[in-house]
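Side chains are part of it too, since the values below use all heavy atoms of this structure and drop only hydrogens, waters and symmetry mates. Counting starts at 1 for both ligands and their atoms, in listed order.
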Amino acid sequence: MATSKLAAFVVLAAFLAGPAACEGASICFNGWLRTPRFCPRGSRLNRRQRGASPSGLGLGYGYYNNRRSPSYCPRAEGIVRGAVSEAVAANPGIGAGLIRLFFHDCFVRGCDASVLLTMTNSKNNDTEREGPPNKNSLRGFEVIDTAKRAIEAACPGRVSCADIVAFAARDASYFLSNRRINIRMPGGRYDGRESFANETDQLPGPFSNVTELQASFAAKGLTSDEMVTLSGAHTIGRARCMFFSSRFSEMDPTFAAKLRAQCNGNDNASVNQDDVTPDVLDKQYYRNVIDRKVLFTSDAVLNSTETMRQVRENANRAGAWERKFERAMENMGKIGVKTKADQGTEIRRVCSRVNN
Ligand code: HEM
């Protein structure tokens with residue numbers, strides 16, 4: 001009896017010990033799973049464990065316009081704006097993709113363009129792009145590459161891919177909001193040299209509850225209000241049925257019936273996130289939350305007591321959400337930024353790979 005108790009204890013201890021003892025269990029994609037698995041460290045996120053608010057120290061507005069700086073490249077921001085304008089005019093969905101790309105970059109290793117890498121300094125090719133939240137989902141890479149090529153031709157080795165991602169998200173927000181959202185986006189980020197698929201478990205998932213959402217934003221130094229504000233980006237773009245087909249019964253019945261028909265049993269089919277104004281970055285999302293016309297659990301839970309007040313305010317007060325979104329996007333762009341040239345940073349020549 002004593003021996004079997006000891007054996008059980010050894011197995012449990014090995015499981016809780018982490019990756020070596022229990023492959024895969026320490027990386028927790030619970031928010032991305034319809035039926036969450038028990039993860040020993042999945043609970044490492046705690047709402048009270050707030051990271052320091054991102055300072056953005058070392059970043060500056062008009063960073064590339066300073067004649068006396070070695071980073072001088074006055075055409076940089078204009079080139080990005082041109083590339084984004086063209087891409088969004090051809091397909092607004094790419095603009096949505098660019099805004100999401102920025103979020104997924106900043107939440108993993110800070111805004112350092114690690115999300116763009118396909119090959120890293122440590123010769124790892126299982127990069128963030130391969131992580132469950134990103135694979136077969138992120139889009140807009142070609143816009144970043146187009147802008148980067150033109151910028152390298154104008155001023156080689158000066159403008160980071162991380163800044164291009166940030167400027168592109170700002171510009172996509174501008175065009176998709178019919179010029180109502182104007183984010184002040186500083187520059188001066190350096191590019192990172194590492195990227196790992198398993199670190200994308202820091203991204204909140206569509207099955208996350210309010211506590212998990214708040215915790216994942218707090219871990220990056222962002223507030224619950226910023227979480228609610230930034231979720232408003234789900235008023236554009238598309239989402240695959242696998243992330244919401246389990247909750248048709250919780251939605252507005254007419255909305256659910258329409259989605260059911262669009263998905264038609266195919267989990268890989270995709271639908272517009274906002275059925276009312278699908279291509280406009282506006283506050284419609286909050287009306288949809290109230291009306292139970294949103295897709296994910298992570299959207300629907302914003303109607304809970306803790307966050308309902310912000311949802312109502314964003315839905316009802318003209319201009320309130322737009323101003324908050326501008327500030328929150330700027331703040332997100334300060335998360336974990338690298339602003340000095342050192343061993344772990346560089347200005348990449350090609351955004352998808354490190355310089356060597
Ligand atoms: C709050 C937690 C969030 C969760 C759980 C979440 C989850 C998701 C999921 C599951 C999708 C659909 C992906 C697919 O079907 O492949 C999606 C799409 C999208 N998300 Fe989020 N997201 C969150 C926050 C954000 C934030 C902060 C932003 C930007 C500020 C954002 C912007 C977008 C956009 C624009 C799309 C559509 C992308 C496209 O059409 O290519 N999301 N999100």
Out of curiosity, is M227 lining ligand 1, as in a heavy atom under 4.0 Å away?
-> no
Nitrogen or oxygen of W32 less than 3.5 angstrom from that of ligand 1 | no
Determine, for F255 and R260, whether the Lys NZ or Arg CZ falls below 6.0 Å from the six-membered ring centre while staying within 45 degrees of the axis.
-> no
The one among R139, E226, H234 that brings a heavy atom closest to atom 21 (Fe) of ligand 1 | H234
With backbone taken as N, CA, C and O and side chain as the heavy atoms from C-beta onward, which portion of F102 lies under 4.0 Å from ligand 1: side chain, backbone, both, or neither?
-> neither
Hey, is L138 touching ligand 1 through its side chain, its backbone, both or neither, going by heavy atoms under 4.0 Å?
-> neither
Would you kindly check if the NZ (Lys) or CZ (Arg) of R81 is within the cone defined by 45 degrees around the ring axis of Y174 and under 6.0 Å from the six-membered ring centre?
-> yes
After noting the C-alpha distance and the side-chain angles of D275 and K258, does the key distance pass the salt bridge (charged side-chain N to carboxylate O under 4.0 Å, His left out) rule?
-> CA-CA 10 Å; D275 192 45; K258 187 169 174 184; 2.9 Å; yes
Ligand-side contact atoms (ligand 1) for residue partner L213, heavy atom cut-off under 4.0 Å = 1 (C), 2 (C)
Contact atoms of ligand 1, heavy-atom distance to G205 under 4.0 Å | 5 (C)
Give a yes/no verdict on a cation-pi contact between R109 and F196, requiring under 6.0 Å between NZ or CZ and the six-membered ring centre and an angle within 45° of the axis.
-> no
Of the protein's non-hydrogen atoms, which lies at the shortest distance from atom 1 (C) of ligand 1, and what is that distance?
-> S231 OG, 3.5 Å
Number the atoms of ligand 1 from 1 as they appear, then name those within less than 4.0 Å of a heavy atom of S298, with their elements.
-> 5 (C)
Does R184 make a cation-pi contact with Y61, if we ask for NZ or CZ under 6.0 Å from the ring centre and within 45° of the axis?
-> yes
Under 30°, 30 to 60°, or over 60°: which ring-plane class applies to F243 and W32, parallel, tilted or perpendicular?
-> perpendicular
Counting from 1 in the order shown, the ligand 1 atoms closer than 4.0 Å to a non-hydrogen atom of S137 are 13 (C), 14 (C), 16 (O)
